Engineer: 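Supplied in structure tokens, the structure appears directly below.
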Amino acid sequence: MTGSSLPAATPGATAPRRGRGRRPADEVRADVLRTVGDILLREGLADFTFERIARESGVSKATLYKWWPSVGVLALEGYFDAVEDTLAFPDTGDIRADITTQLHHFVELMTTTPAGPLLIQMIGQSQTDPNLAAEYRRLYSSGRRRLAVDRFRHAQELGQIRPEVDVRVLVDQLWGAVYHRLLVPDEPVDLSFADALIGNLFDGITQR
């Protein structure tokens, strides 16, 4: 899929080991998150442990425990790092086209790559992991929501959306509907569903 495919991970690949020279913390952290993202998008959460991440990233368990309060939080941050570029919001000046592009990328990511089932797994784990639940709201749910709200508000400033519209509700109408079908899979999640959501939102549902 154009602009939305995740790079394929090589089975069994591990992060290259570094020498013992001291590296900046941001660089070490970025290496860990890349390792985590590769593992998760290749295998999911089944064999995801601090011990394994320490082994494959070359970073000590003590460092991992210092930076991440639970393995679930580490998984979420690695996941977010892996999908962040794919789920970016374009801004071409055409709000309908931009939201359609992003929603298509989101649907394809959730339904054609391991990222979808993985996110559902982490949402499930967050029910019993308070640290993961808090981080999910802060990093993923609130973070993704803020990006969508900002894009809609920019469209409001340009006069493309009526000023009285609550753009936070627009986010619920679009992405909330997709999450509902992902979590309660009675109906398919596909691009035609995304287009129907876009059409209902931008064109309205009443007779003219």
Side-chain angles (χ1 to χ4, degrees), residues 1-9 30 33-34 36-38 40-41 76-123 126 135-208:
M1 58 189 170
T2 304
S4 61
S5 297
L6 291 171
L33 293 179
R34 276 192 294 270
V36 169
D38 286 345
L40 290 176
L41 294 179
L76 180 65
E77 287 200 32
Y79 174 88
F80 182 79
D81 184 72
V83 304
E84 185 174 13
D85 289 344
T86 302
L87 297 182
F89 280 82
D91 190 350
T92 66
D94 183 336
I95 183 60
R96 181 168 183 157
D98 291 345
I99 295 302
T100 299
T101 295
Q102 202 281 342
L103 195 63
H104 279 193
H105 287 181
F106 176 62
V107 166
E108 289 181 328
L109 184 73
M110 292 295 106
T111 59
T112 67
T113 80
L118 180 60
L119 182 60
I120 300 306
Q121 280 183 277
M122 288 191 288
I123 291 174
S126 70
E135 193 68 0
Y136 178 83
R137 289 191 296 270
R138 183 192 71 82
L139 178 66
Y140 191 82
S141 179
S142 297
R144 299 302 317 166
R145 186 181 185 85
R146 184 171 58 254
L147 292 174
V149 166
D150 287 348
R151 182 64 191 89
F152 277 126
R153 282 182 175 157
H154 185 212
Q156 273 185 320
E157 292 168 359
L158 296 177
Q160 297 175 341
I161 296 175
R162 299 197 314 273
E164 73 273 13
V165 170
D166 186 340
V167 297
R168 297 169 300 176
V169 176
L170 302 183
V171 175
D172 293 328
Q173 288 179 263
L174 293 175
W175 291 273
V178 176
Y179 277 116
H180 175 76
R181 284 201 177 188
L182 289 170
L183 291 167
V184 186
D186 293 334
E187 297 287 343
V189 178
D190 52 26
L191 296 185
S192 64
F193 175 56
D195 289 338
L197 292 173
I198 293 286
N200 287 348
L201 182 70
F202 283 92
D203 298 333
I205 61 170
T206 58
Q207 295 277 7
R208 286 185 174 82

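Everything numeric here is computed off the predicted structure, so don't read it as measured data.
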Engineer: Please determine if Arg151 and Asp91 form a salt bridge, counting it only when a charged side-chain N lies under 4.0 Å from a carboxylate O.
Structural biologist: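 Asp91 and Arg151: salt-bridged.
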
Engineer: For atom CG of Leu158, decide whether the heavy atoms of other residues, nucleotides or ligands shown that lie under 6.0 angstrom number more than 12.
Structural biologist: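 Yes, because the 6.0 Å sphere around CG of Leu158 holds more than 12 heavy atoms from other groups.
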
Engineer: So do the side chains of Gln121 and Leu40 get within less than 4.5 Å of each other, counting heavy atoms only?
Structural biologist: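 The answer is no, as the side chains (C-beta and beyond) never meet within the 4.5 Å cut-off.
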
Engineer: Check whether any side-chain N or O of Tyr136 sits under 3.5 Å from a backbone N or O of Ser141 as a donor-acceptor pair, and report yes or no.
Structural biologist: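 Not at all, since once roles are kept as given, no pair shorter than 3.5 Å links the two residues.
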
Engineer: Assign the ring pair Trp175 / Phe152 to parallel, tilted or perpendicular, where the plane angle (0 to 90°) is split at 30° and 60°.
Structural biologist: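 Because their plane-to-plane angle is over 60°, the rings of Trp175 and Phe152 count as perpendicular.
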
Engineer: If we ignore hydrogens and angles and just use 3.5 Å, is the side chain of Glu108 paired with the main-chain N or O of Leu191 as donor and acceptor?
Structural biologist: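 Not confirmed, Glu108 side chain does not pair with Leu191 backbone.
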
Engineer: Without swapping roles, check the side chain of Gln156 against the backbone of Val165 for a donor-acceptor pair under 3.5 Å.
Structural biologist: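 Yes: the side chain of Gln156 pairs with the backbone of Val165.
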
Engineer: Got Asp81 and Val36 here, is their nearest side-chain heavy-atom distance under 4.5 Å?
Structural biologist: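 They are not in side-chain contact.
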
Engineer: Verify, without hydrogens or angle tests, whether Arg145 (side chain) and Arg137 (backbone) share a donor-acceptor contact under 3.5 angstrom.
Structural biologist: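 The answer is no, because no donor-acceptor pair under 3.5 Å joins these two groups.
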
Engineer: Please name the pair of heavy atoms, one in Gly78 and one in Leu33, separated by the smallest distance, quoted to 0.1 Å.
Structural biologist: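 Nearest heavy atoms, Gly78 then Leu33: N-CD2, 3.7 Å.
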
Engineer: Measure across Pro114 and Leu41 and return the closest heavy-atom pair with its distance rounded to 0.1 Å.
Structural biologist: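 Looking at all heavy atoms of both residues, the shortest contact is CG-O, 3.0 Å.
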
Engineer: Is it true that atom CZ of Arg96 has more than 12 heavy atoms of other residues, nucleotides or ligands lying nearer than 6.0 Å?
Structural biologist: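 Correct, the count exceeds 12.
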
Engineer: Do Asp190 and Ser192 meet the criterion of a side-chain donor-acceptor pair at a distance under 3.5 Å?
Structural biologist: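 Result is yes, a qualifying pair exists.
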
Engineer: Any heavy-atom pair between the side chains of Thr92 and Thr101 that's under 4.5 Å?
Structural biologist: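 A side-chain contact is absent here, since even the closest heavy-atom pair is not under 4.5 Å.
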
Engineer: Just verifying a value: how many Å separate Asn200 CG and Leu174 CG, rounded to the nearest 0.5 Å?
Structural biologist: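 It comes to 10.0 Å.
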
Engineer: Counting only heavy atoms not in Gln207 (residues, nucleotides, ligands), do more than 12 fall under 6.0 Å from its CD?
Structural biologist: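 No - once you tally the heavy atoms of other residues, nucleotides and ligands closer than 6.0 Å, there are 12 at most.
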
Engineer: Quick one: does Ile123's side chain get under 4.5 Å of Leu119's, heavy atoms only?
Structural biologist: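 Answer yes - side chains close enough.
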
Engineer: Where do Pro117 and Thr113 come nearest, in terms of heavy atoms and distance?
Structural biologist: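 For Pro117 versus Thr113, the nearest heavy atoms are CD-O, 3.5 Å.
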
Engineer: So Phe193 and Val178, do their side chains get closer than 4.5 Å, heavy atoms only?
Structural biologist: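 They are in contact (side-chain heavy atoms under 4.5 Å apart), so the answer is yes.
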
Engineer: Looking only at heavy atoms, what is the nearest atom pair of Gly37 and Ala82, with distance?
Structural biologist: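 Scanning both residues, the minimum pair turns out to be CA-CB, 4.2 Å.
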
Engineer: Working to the nearest 0.5 angstrom, can you tell me the gap between Arg146 CZ and Asp150 CG?
Structural biologist: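 The CG atom of Asp150 is 7.5 Å from CZ of Arg146, to the nearest 0.5 Å.
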
Engineer: How about Phe106 and Phe89: are their ring centroids closer than 6.0 Å?
Structural biologist: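 Between Phe89 and Phe106, which both carry aromatic rings, the centre distance is not below 6.0 Å.
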
Engineer: Is a side-chain donor or acceptor of Arg144 paired with a backbone partner of Leu87 at a separation under 3.5 angstrom?
Structural biologist: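 Answer holds: yes.
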
Engineer: Would you say the side chain of Asp98 lies within less than 4.5 Å of the side chain of Gln102, judging by non-hydrogen atoms?
Structural biologist: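 Gln102 does not reach Asp98 side chain to side chain.
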
Engineer: Counting C-beta onward and ignoring hydrogens, is there a side-chain heavy-atom pair between Gln173 and Val169 closer than 4.5 Å?
Structural biologist: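 Yes, at least one pair of side-chain atoms sits under 4.5 Å.
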
Engineer: For Met110, run the side-chain contact (heavy atoms from CB on, under 4.5 Å) check against Ile120, Val189, Val83, Leu182 and tell me which one passes.
Structural biologist: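 Between Met110 and the candidates, side-chain contact (heavy atoms from CB on, under 4.5 Å) is satisfied uniquely by Leu182.
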
Engineer: Any non-hydrogen side-chain atom of Ile95 less than 4.5 Å from a side-chain atom of Ile99?
Structural biologist: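 A side-chain contact exists here, since the closest heavy-atom pair is under 4.5 Å.
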
Engineer: Working to the nearest 0.5 angstrom, can you tell me the gap between Met122 CE and Phe80 CZ?
Structural biologist: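 If we round to the nearest 0.5 Å, Met122:CE and Phe80:CZ are 11.5 Å apart.
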
